[in-house]
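A, B, ... follow the sequence lines: proteins, then strands. Residue 1 opens every chain.
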Protein chains: 2
Amino acid sequence: MNEVVVLTPERILEVTEDVLRRYGLAKATVVDVARALDVSHGSVYRHFPSKASLREAVAKRWLDRLSAPLLKIAEASGPAPARLDKWLRTMFAIKHERLGDDPEMFATYLTLAREACKAVNCHKDCLVDQAAKILSDGVEQGSFEIADVKVTARAIFDATSRFHHPGHAEEWSDPGTPARIDAVLALLLKGLEAPRKR
Amino acid sequence: MNEVVVLTPERILEVTEDVLRRYGLAKATVVDVARALDVSHGSVYRHFPSKASLREAVAKRWLDRLSAPLLKIAEASGPAPARLDKWLRTMFAIKHERLGDDPEMFATYLTLAREACKAVNCHKDCLVDQAAKILSDGVEQGSFEIADVKVTARAIFDATSRFHHPGHAEEWSDPGTPARIDAVLALLLKGLEAPRKR
DNA sequence: TGACTGACAGATATTGAAATCTGTCAGCGA
DNA sequence: TCGCTGACAGATTTCAATATCTGTCAGTCA
(Lines give C-alpha, C1' and ligand atoms only; values in the text may rest on other atoms or scores of the structure.)
Protein backbone atom coordinates (compact mmCIF):
# COMPACT_ATOMS: atom_id res chain seq x y z
CA MET A 1 0.00 0.00 0.00
CA ASN A 2 2.77 2.46 1.00
CA GLU A 3 0.10 4.85 2.25
CA VAL A 4 1.13 8.50 2.40
CA VAL A 5 0.87 9.86 5.95
CA VAL A 6 -1.71 12.64 5.83
CA LEU A 7 -1.44 15.85 7.76
CA THR A 8 -4.19 15.83 10.40
CA PRO A 9 -4.80 18.29 13.24
CA GLU A 10 -4.12 15.43 15.67
CA ARG A 11 -0.70 14.73 14.16
CA ILE A 12 0.15 18.43 14.22
CA LEU A 13 -0.82 18.66 17.90
CA GLU A 14 1.31 15.66 18.80
CA VAL A 15 4.37 17.06 17.06
CA THR A 16 3.73 20.56 18.40
CA GLU A 17 3.71 19.20 21.93
CA ASP A 18 7.08 17.55 21.28
CA VAL A 19 8.53 20.72 19.80
CA LEU A 20 7.20 22.74 22.73
CA ARG A 21 8.78 20.30 25.16
CA ARG A 22 12.10 20.36 23.33
CA TYR A 23 12.45 24.09 22.64
CA GLY A 24 10.19 25.63 25.31
CA LEU A 25 7.30 28.03 24.75
CA ALA A 26 9.53 31.04 24.18
CA LYS A 27 11.67 29.43 21.44
CA ALA A 28 9.25 27.12 19.61
CA THR A 29 8.08 28.52 16.25
CA VAL A 30 5.52 27.40 13.71
CA VAL A 31 8.43 26.90 11.31
CA ASP A 32 9.97 24.45 13.80
CA VAL A 33 6.70 22.51 13.94
CA ALA A 34 6.46 22.43 10.15
CA ARG A 35 10.07 21.27 9.88
CA ALA A 36 9.41 18.44 12.37
CA LEU A 37 6.39 17.42 10.27
CA ASP A 38 8.41 17.78 7.05
CA VAL A 39 5.90 20.16 5.46
CA SER A 40 5.89 23.89 4.76
CA HIS A 41 4.64 26.12 7.54
CA GLY A 42 1.80 27.25 5.24
CA SER A 43 0.31 23.77 5.60
CA VAL A 44 0.10 24.11 9.36
CA TYR A 45 -1.89 27.31 8.86
CA ARG A 46 -4.37 25.30 6.77
CA HIS A 47 -5.38 23.46 9.97
CA PHE A 48 -4.90 26.13 12.63
CA PRO A 49 -5.68 29.79 11.93
CA SER A 50 -2.87 31.16 14.10
CA LYS A 51 0.04 30.24 16.30
CA ALA A 52 -2.05 31.20 19.34
CA SER A 53 -4.83 28.79 18.41
CA LEU A 54 -2.30 26.00 17.87
CA ARG A 55 -0.73 26.67 21.24
CA GLU A 56 -4.15 26.73 22.86
CA ALA A 57 -5.19 23.44 21.25
CA VAL A 58 -2.05 21.79 22.58
CA ALA A 59 -2.79 23.16 26.04
CA LYS A 60 -6.35 21.88 25.85
CA ARG A 61 -5.13 18.34 25.10
CA TRP A 62 -2.68 18.56 27.95
CA LEU A 63 -5.30 19.86 30.38
CA ASP A 64 -7.85 17.26 29.30
CA ARG A 65 -5.39 14.50 30.07
CA LEU A 66 -4.94 16.15 33.48
CA SER A 67 -8.63 16.26 34.38
CA ALA A 68 -9.52 12.74 33.16
CA PRO A 69 -8.38 10.89 36.31
CA LEU A 70 -10.15 13.48 38.46
CA LEU A 71 -13.40 12.91 36.62
CA LYS A 72 -13.25 9.23 37.67
CA ILE A 73 -13.12 10.26 41.33
CA ALA A 74 -15.87 12.85 40.91
CA GLU A 75 -18.19 10.32 39.31
CA ALA A 76 -17.42 7.45 41.69
CA SER A 77 -19.80 6.53 44.48
CA GLY A 78 -19.12 6.49 48.22
CA PRO A 79 -19.09 9.07 51.03
CA ALA A 80 -18.71 12.56 49.64
CA PRO A 81 -16.37 14.01 52.31
CA ALA A 82 -13.72 11.34 51.72
CA ARG A 83 -14.23 11.66 47.98
CA LEU A 84 -13.80 15.44 48.03
CA ASP A 85 -10.65 15.06 50.10
CA LYS A 86 -9.28 12.49 47.68
CA TRP A 87 -10.29 14.53 44.64
CA LEU A 88 -8.50 17.65 45.91
CA ARG A 89 -5.38 15.78 47.02
CA THR A 90 -5.23 14.00 43.67
CA MET A 91 -5.53 17.32 41.83
CA PHE A 92 -2.66 18.77 43.87
CA ALA A 93 -0.57 15.63 43.33
CA ILE A 94 -1.13 15.54 39.55
CA LYS A 95 -0.20 19.18 39.11
CA HIS A 96 2.78 18.84 41.40
CA GLU A 97 3.94 15.78 39.48
CA ARG A 98 3.59 17.51 36.13
CA LEU A 99 5.61 20.46 37.34
CA GLY A 100 8.45 18.00 37.92
CA ASP A 101 8.04 15.75 34.87
CA ASP A 102 7.06 18.22 32.20
CA PRO A 103 8.42 21.63 33.13
CA GLU A 104 8.24 23.11 29.62
CA MET A 105 4.58 22.21 29.20
CA PHE A 106 3.96 23.48 32.72
CA ALA A 107 5.53 26.82 31.84
CA THR A 108 3.28 26.94 28.77
CA TYR A 109 0.29 26.27 30.99
CA LEU A 110 1.39 28.99 33.39
CA THR A 111 1.67 31.51 30.55
CA LEU A 112 -1.75 30.56 29.22
CA ALA A 113 -3.21 30.81 32.73
CA ARG A 114 -1.83 34.36 32.96
CA GLU A 115 -3.42 35.20 29.61
CA ALA A 116 -6.74 33.86 30.99
CA CYS A 117 -7.28 32.04 27.71
CA LYS A 118 -10.40 30.09 26.78
CA ALA A 119 -8.87 26.63 27.17
CA VAL A 120 -7.73 27.33 30.72
CA ASN A 121 -10.99 28.94 31.78
CA CYS A 122 -12.88 26.00 30.35
CA HIS A 123 -10.56 23.65 32.26
CA LYS A 124 -11.26 25.52 35.48
CA ASP A 125 -15.03 25.46 34.90
CA CYS A 126 -14.81 21.78 34.21
CA LEU A 127 -12.99 21.16 37.49
CA VAL A 128 -15.44 23.30 39.43
CA ASP A 129 -18.28 21.24 37.92
CA GLN A 130 -16.57 18.08 39.11
CA ALA A 131 -16.28 19.50 42.62
CA ALA A 132 -19.95 20.54 42.47
CA LYS A 133 -20.90 16.96 41.57
CA ILE A 134 -19.20 15.66 44.71
CA LEU A 135 -20.76 18.39 46.84
CA SER A 136 -24.29 17.64 45.61
CA ASP A 137 -23.71 13.95 46.29
CA GLY A 138 -22.72 14.99 49.81
CA VAL A 139 -25.89 17.03 50.24
CA GLU A 140 -27.98 14.06 49.11
CA GLN A 141 -26.13 11.79 51.52
CA GLY A 142 -26.78 14.27 54.35
CA SER A 143 -23.06 14.81 54.98
CA PHE A 144 -22.95 18.38 53.75
CA GLU A 145 -25.07 21.43 54.40
CA ILE A 146 -24.69 23.82 51.46
CA ALA A 147 -26.77 26.83 50.37
CA ASP A 148 -25.56 26.97 46.76
CA VAL A 149 -23.57 24.00 45.47
CA LYS A 150 -22.11 25.79 42.47
CA VAL A 151 -20.96 28.82 44.46
CA THR A 152 -19.52 26.62 47.18
CA ALA A 153 -17.67 24.46 44.65
CA ARG A 154 -16.00 27.59 43.33
CA ALA A 155 -15.21 28.68 46.88
CA ILE A 156 -13.46 25.34 47.50
CA PHE A 157 -11.54 25.84 44.28
CA ASP A 158 -10.58 29.41 45.23
CA ALA A 159 -9.63 28.47 48.78
CA THR A 160 -7.20 25.84 47.52
CA SER A 161 -5.59 28.06 44.85
CA ARG A 162 -2.36 28.09 46.84
CA PHE A 163 -2.00 24.36 46.10
CA HIS A 164 -3.17 24.07 42.50
CA HIS A 165 -2.83 27.43 40.74
CA PRO A 166 0.32 27.35 38.60
CA GLY A 167 1.27 30.83 39.80
CA HIS A 168 2.04 29.29 43.21
CA ALA A 169 4.06 26.41 41.75
CA GLU A 170 7.36 27.63 43.21
CA GLU A 171 5.87 27.44 46.71
CA TRP A 172 4.82 23.79 46.32
CA SER A 173 8.30 22.47 47.00
CA ASP A 174 8.31 24.20 50.41
CA PRO A 175 8.68 21.47 53.07
CA GLY A 176 5.69 22.80 55.02
CA THR A 177 3.29 22.33 52.12
CA PRO A 178 1.80 18.91 53.06
CA ALA A 179 0.96 20.19 56.54
CA ARG A 180 -0.58 23.33 55.06
CA ILE A 181 -2.70 21.23 52.70
CA ASP A 182 -3.90 19.17 55.65
CA ALA A 183 -4.82 22.29 57.59
CA VAL A 184 -6.77 23.94 54.76
CA LEU A 185 -8.62 20.74 53.83
CA ALA A 186 -9.56 20.09 57.47
CA LEU A 187 -10.95 23.61 57.76
CA LEU A 188 -12.90 23.42 54.51
CA LEU A 189 -14.37 19.98 55.22
CA LYS A 190 -15.47 21.15 58.66
CA GLY A 191 -17.09 24.17 57.03
CA LEU A 192 -19.10 21.97 54.68
CA GLU A 193 -20.23 19.52 57.34
CA ALA A 194 -23.92 19.28 58.19
CA PRO A 195 -24.62 19.75 61.94
CA ARG A 196 -24.67 16.34 63.63
CA LYS A 197 -28.11 14.87 64.17
CA ARG A 198 -28.86 13.36 67.54
CA MET B 1 20.75 78.75 60.99
CA ASN B 2 20.71 77.64 57.34
CA GLU B 3 21.17 74.01 58.47
CA VAL B 4 22.60 71.65 55.87
CA VAL B 5 20.19 68.80 55.16
CA VAL B 6 22.01 65.60 56.14
CA LEU B 7 21.77 62.36 54.25
CA THR B 8 19.92 59.87 56.44
CA PRO B 9 18.67 56.37 55.60
CA GLU B 10 15.13 57.67 56.11
CA ARG B 11 15.59 60.46 53.58
CA ILE B 12 17.12 58.00 51.10
CA LEU B 13 14.16 55.66 51.53
CA GLU B 14 11.66 58.45 50.97
CA VAL B 15 13.34 59.61 47.79
CA THR B 16 13.88 56.04 46.58
CA GLU B 17 10.17 55.37 46.93
CA ASP B 18 9.45 58.45 44.81
CA VAL B 19 11.98 57.41 42.18
CA LEU B 20 10.56 53.89 42.15
CA ARG B 21 7.07 55.28 41.68
CA ARG B 22 8.18 57.61 38.88
CA TYR B 23 10.44 55.26 36.88
CA GLY B 24 9.19 51.82 37.93
CA LEU B 25 11.21 48.97 39.41
CA ALA B 26 12.74 47.97 36.09
CA LYS B 27 14.07 51.45 35.22
CA ALA B 28 14.97 52.98 38.59
CA THR B 29 18.72 53.00 39.26
CA VAL B 30 20.82 53.92 42.27
CA VAL B 31 22.23 56.74 40.14
CA ASP B 32 18.68 58.11 39.70
CA VAL B 33 18.19 58.04 43.47
CA ALA B 34 21.51 59.80 44.05
CA ARG B 35 20.64 62.43 41.43
CA ALA B 36 17.28 63.08 43.12
CA LEU B 37 19.13 63.50 46.44
CA ASP B 38 21.78 65.66 44.76
CA VAL B 39 24.65 63.50 46.00
CA SER B 40 26.97 61.01 44.34
CA HIS B 41 25.77 57.42 44.15
CA GLY B 42 28.72 56.39 46.29
CA SER B 43 27.06 58.18 49.20
CA VAL B 44 23.98 56.04 48.90
CA TYR B 45 26.19 52.95 49.21
CA ARG B 46 27.48 54.34 52.48
CA HIS B 47 24.01 53.79 53.98
CA PHE B 48 22.83 50.69 52.08
CA PRO B 49 25.25 47.91 51.13
CA SER B 50 23.54 47.09 47.84
CA LYS B 51 20.73 48.06 45.52
CA ALA B 52 18.83 44.94 46.63
CA SER B 53 18.97 45.96 50.29
CA LEU B 54 17.77 49.46 49.42
CA ARG B 55 14.88 48.04 47.42
CA GLU B 56 14.02 45.70 50.25
CA ALA B 57 14.08 48.46 52.85
CA VAL B 58 11.66 50.50 50.72
CA ALA B 59 9.38 47.49 50.42
CA LYS B 60 9.51 46.94 54.17
CA ARG B 61 8.37 50.52 54.81
CA TRP B 62 5.58 50.11 52.29
CA LEU B 63 4.45 46.81 53.78
CA ASP B 64 4.58 48.13 57.33
CA ARG B 65 2.27 50.98 56.37
CA LEU B 66 -0.02 48.32 54.91
CA SER B 67 -0.21 46.17 58.01
CA ALA B 68 -0.59 49.00 60.53
CA PRO B 69 -4.39 49.44 60.10
CA LEU B 70 -4.83 45.67 60.24
CA LEU B 71 -3.00 45.49 63.55
CA LYS B 72 -5.61 47.85 65.03
CA ILE B 73 -8.39 45.43 64.09
CA ALA B 74 -6.45 42.41 65.33
CA GLU B 75 -5.85 44.02 68.71
CA ALA B 76 -9.35 45.43 69.14
CA SER B 77 -11.89 43.75 71.39
CA GLY B 78 -15.28 42.34 70.46
CA PRO B 79 -16.58 39.08 69.00
CA ALA B 80 -13.83 37.26 67.14
CA PRO B 81 -15.86 35.98 64.15
CA ALA B 82 -16.93 39.49 63.12
CA ARG B 83 -13.43 40.76 63.78
CA LEU B 84 -11.81 38.06 61.64
CA ASP B 85 -14.27 38.81 58.85
CA LYS B 86 -13.50 42.51 59.06
CA TRP B 87 -9.75 41.91 59.30
CA LEU B 88 -9.73 39.76 56.15
CA ARG B 89 -11.99 42.09 54.17
CA THR B 90 -9.88 45.08 55.19
CA MET B 91 -6.72 43.29 54.08
CA PHE B 92 -8.26 42.54 50.68
CA ALA B 93 -9.53 46.11 50.36
CA ILE B 94 -6.17 47.69 51.25
CA LYS B 95 -4.26 45.56 48.78
CA HIS B 96 -6.85 46.09 46.09
CA GLU B 97 -6.74 49.83 46.67
CA ARG B 98 -2.97 49.92 46.51
CA LEU B 99 -3.00 48.04 43.23
CA GLY B 100 -5.05 50.91 41.82
CA ASP B 101 -3.34 53.85 43.55
CA ASP B 102 0.27 52.80 43.51
CA PRO B 103 0.79 50.38 40.63
CA GLU B 104 4.56 50.82 40.41
CA MET B 105 5.07 50.05 44.10
CA PHE B 106 2.66 47.16 43.73
CA ALA B 107 4.73 45.73 40.89
CA THR B 108 7.81 46.10 43.09
CA TYR B 109 6.01 44.20 45.82
CA LEU B 110 4.97 41.50 43.36
CA THR B 111 8.57 41.06 42.20
CA LEU B 112 9.81 40.86 45.78
CA ALA B 113 7.06 38.36 46.62
CA ARG B 114 8.27 36.18 43.73
CA GLU B 115 11.83 36.41 45.05
CA ALA B 116 10.49 35.28 48.45
CA CYS B 117 12.61 37.95 50.08
CA LYS B 118 13.01 38.45 53.82
CA ALA B 119 10.86 41.58 54.07
CA VAL B 120 7.88 39.91 52.40
CA ASN B 121 8.18 36.70 54.41
CA CYS B 122 8.37 38.75 57.57
CA HIS B 123 5.28 40.68 56.47
CA LYS B 124 3.41 37.42 55.90
CA ASP B 125 4.45 36.04 59.28
CA CYS B 126 3.35 39.26 60.89
CA LEU B 127 -0.09 39.02 59.25
CA VAL B 128 -0.45 35.36 60.23
CA ASP B 129 0.35 36.34 63.83
CA GLN B 130 -2.39 38.98 63.70
CA ALA B 131 -4.86 36.37 62.45
CA ALA B 132 -3.72 33.99 65.19
CA LYS B 133 -4.42 36.70 67.77
CA ILE B 134 -8.02 36.99 66.59
CA LEU B 135 -8.42 33.21 66.49
CA SER B 136 -7.17 32.75 70.03
CA ASP B 137 -9.54 35.50 71.19
CA GLY B 138 -12.29 33.49 69.49
CA VAL B 139 -11.29 30.32 71.30
CA GLU B 140 -11.34 32.16 74.63
CA GLN B 141 -14.78 33.57 73.83
CA GLY B 142 -16.02 30.08 72.96
CA SER B 143 -16.87 31.08 69.37
CA PHE B 144 -14.18 29.00 67.74
CA GLU B 145 -13.06 25.42 68.14
CA ILE B 146 -9.46 25.15 66.97
CA ALA B 147 -6.84 22.43 67.49
CA ASP B 148 -3.77 24.56 66.72
CA VAL B 149 -4.27 28.32 66.47
CA LYS B 150 -1.00 29.03 64.65
CA VAL B 151 -1.56 26.32 62.03
CA THR B 152 -5.15 27.38 61.53
CA ALA B 153 -4.19 31.03 61.15
CA ARG B 154 -1.85 30.04 58.35
CA ALA B 155 -4.58 27.91 56.81
CA ILE B 156 -6.89 30.95 56.77
CA PHE B 157 -4.12 32.95 55.16
CA ASP B 158 -3.47 30.24 52.55
CA ALA B 159 -7.16 29.71 51.81
CA THR B 160 -7.61 33.40 51.04
CA SER B 161 -4.49 33.69 48.84
CA ARG B 162 -6.69 34.19 45.79
CA PHE B 163 -7.78 37.53 47.28
CA HIS B 164 -4.60 38.91 48.79
CA HIS B 165 -1.55 37.33 47.09
CA PRO B 166 -0.19 39.83 44.55
CA GLY B 167 0.21 37.06 41.97
CA HIS B 168 -3.58 36.98 41.70
CA ALA B 169 -3.93 40.76 41.41
CA GLU B 170 -5.13 40.65 37.80
CA GLU B 171 -8.07 38.50 38.86
CA TRP B 172 -9.22 40.97 41.52
CA SER B 173 -10.96 43.21 39.01
CA ASP B 174 -13.15 40.33 37.87
CA PRO B 175 -16.77 41.33 38.58
CA GLY B 176 -17.45 38.04 40.39
CA THR B 177 -14.77 38.69 43.00
CA PRO B 178 -16.93 40.14 45.82
CA ALA B 179 -19.29 37.16 45.62
CA ARG B 180 -16.35 34.78 45.65
CA ILE B 181 -14.89 36.51 48.71
CA ASP B 182 -18.27 36.15 50.46
CA ALA B 183 -18.41 32.45 49.60
CA VAL B 184 -14.90 31.66 50.83
CA LEU B 185 -15.26 33.67 54.04
CA ALA B 186 -18.62 32.03 54.82
CA LEU B 187 -17.09 28.60 54.36
CA LEU B 188 -14.03 29.39 56.49
CA LEU B 189 -16.00 30.99 59.33
CA LYS B 190 -18.32 27.99 59.43
CA GLY B 191 -15.28 25.73 59.56
CA LEU B 192 -13.93 27.59 62.60
CA GLU B 193 -17.22 27.71 64.49
CA ALA B 194 -17.54 25.80 67.75
CA PRO B 195 -20.50 23.39 67.77
CA ARG B 196 -23.56 25.16 69.22
CA LYS B 197 -24.27 24.47 72.90
CA ARG B 198 -27.84 23.69 73.87
C1' DT C 1 38.30 62.27 61.57
C1' DG C 2 34.63 61.06 58.82
C1' DA C 3 31.10 62.11 55.39
C1' DC C 4 31.40 62.62 50.68
C1' DT C 5 33.29 62.51 45.75
C1' DG C 6 34.48 60.74 41.40
C1' DA C 7 37.11 57.51 38.64
C1' DC C 8 37.25 52.77 37.76
C1' DA C 9 36.41 47.48 36.57
C1' DG C 10 33.21 44.31 35.61
C1' DA C 11 28.30 43.43 34.98
C1' DT C 12 24.07 44.74 32.82
C1' DA C 13 21.08 47.24 29.70
C1' DT C 14 20.14 49.69 25.34
C1' DT C 15 20.07 50.11 20.53
C1' DG C 16 19.67 49.53 15.74
C1' DA C 17 20.77 46.65 11.81
C1' DA C 18 20.20 42.05 10.18
C1' DA C 19 17.89 37.71 10.58
C1' DT C 20 13.88 35.19 11.47
C1' DC C 21 9.10 34.55 12.13
C1' DT C 22 3.93 35.02 11.30
C1' DG C 23 0.23 34.92 8.44
C1' DT C 24 -1.34 35.36 3.35
C1' DC C 25 -2.04 33.87 -1.12
C1' DA C 26 -1.21 32.97 -6.11
C1' DG C 27 0.01 29.06 -8.32
C1' DC C 28 1.70 24.08 -8.82
C1' DG C 29 1.07 19.24 -9.23
C1' DA C 30 -1.42 14.97 -8.31
C1' DT D 1 -10.39 19.94 -7.67
C1' DC D 2 -7.77 20.25 -3.54
C1' DG D 3 -3.94 19.91 -0.51
C1' DC D 4 0.36 21.80 -0.50
C1' DT D 5 4.29 24.97 -1.62
C1' DG D 6 7.17 28.86 -1.42
C1' DA D 7 7.70 33.81 -1.95
C1' DC D 8 6.28 37.89 0.26
C1' DA D 9 5.09 42.05 3.59
C1' DG D 10 5.07 43.46 7.98
C1' DA D 11 6.05 42.22 12.80
C1' DT D 12 9.20 40.29 15.98
C1' DT D 13 13.55 38.56 17.56
C1' DT D 14 18.55 38.22 17.66
C1' DC D 15 23.09 39.89 18.18
C1' DA D 16 26.93 42.61 18.87
C1' DA D 17 28.55 47.18 19.60
C1' DT D 18 27.81 50.84 22.70
C1' DA D 19 26.26 53.07 26.76
C1' DT D 20 24.90 52.86 31.44
C1' DC D 21 24.88 50.91 35.90
C1' DT D 22 26.63 48.63 40.28
C1' DG D 23 29.71 48.41 43.79
C1' DT D 24 34.60 49.76 45.38
C1' DC D 25 38.00 52.69 47.05
C1' DA D 26 41.73 56.08 47.22
C1' DG D 27 41.58 60.69 47.87
C1' DT D 28 39.30 65.47 49.09
C1' DC D 29 37.51 68.79 52.08
C1' DA D 30 35.42 70.69 56.18
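Using a cut-off of 4.0 Å between Lys/Arg side-chain N and Asp/Glu carboxylate O, B/Asp125 and B/Arg154 are scored as not salt-bridged. Remark: A/Asp64 does not engage A/Arg61 in a salt bridge, criterion side-chain N to carboxylate O under 4.0 Å. The pair B/Arg162-B/Glu171 meets the salt-bridge criterion, since a charged nitrogen lies less than 4.0 angstrom from a carboxylate oxygen. Remark: B/Glu115 engages B/Arg55 in a salt bridge, criterion side-chain N to carboxylate O under 4.0 Å.
Separating the CG atom of B/Leu37 from the P atom of C/dT5 is a distance of 10 Å, rounded to the nearest angstrom. The distance from atom CG of B/Asp38 to atom P of C/dT5 is 9 Å, rounded to the nearest whole Å. Here the P atom of nucleotide C/dG2 and the CG atom of B/Leu7 are 17 Å apart, to the nearest Å. Distance A/Phe48 CZ to C/dT22 P: 15 Å, rounded to the nearest Å. Atom CZ in A/Arg11 sits about 14 Å away from atom C1' in D/dG3, given to the nearest Å. Distance, A/Tyr23 OH to D/dT13 C1': 17 Å, rounded to whole Å.
The side chain of A/His47 lies closest to D/dC4, out of D/dC4, C/dG23, D/dG23. The side chain of B/Lys51 approaches D/dT22 more closely than any other nucleotide in the set C/dG23, D/dC4, D/dT22.
Residue A/Lys27 has a polar side-chain atom (N or O) positioned under 4.0 Å from OP1 or OP2 of D/dT14. Note on A/Ser43: a side-chain N or O is less than 4.0 Å away from OP1 or OP2 of D/dT5.
Nucleic acid contact class of A/Ser40 (heavy atoms, under 4.0 Å, all strands): base. Looking at heavy-atom distances under 4.0 Å, A/Val30 makes contact with sugar-phosphate atoms alone, never a base.
Proximity of the aromatic rings of B/His96 and B/Phe163 is defined here by a centroid distance below 6.0 angstrom, and this criterion is not met.
Nearest approach of A/Lys133 to A/Ala74, heavy atoms of both residues: CG-O, 3.6 Å.
Linking ILVMFWY side-chain heavy atoms closer than 4.5 Å, directly or via other members, places A/Trp172 and A/Leu110 in two distinct hydrophobic clusters.
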Item to complete: Let me have a per-nucleotide readout for nucleotides 24-30 of chain D, 5' to 3', with B, S or -, counting only protein heavy atoms under 4.0 Å.
Response: B------
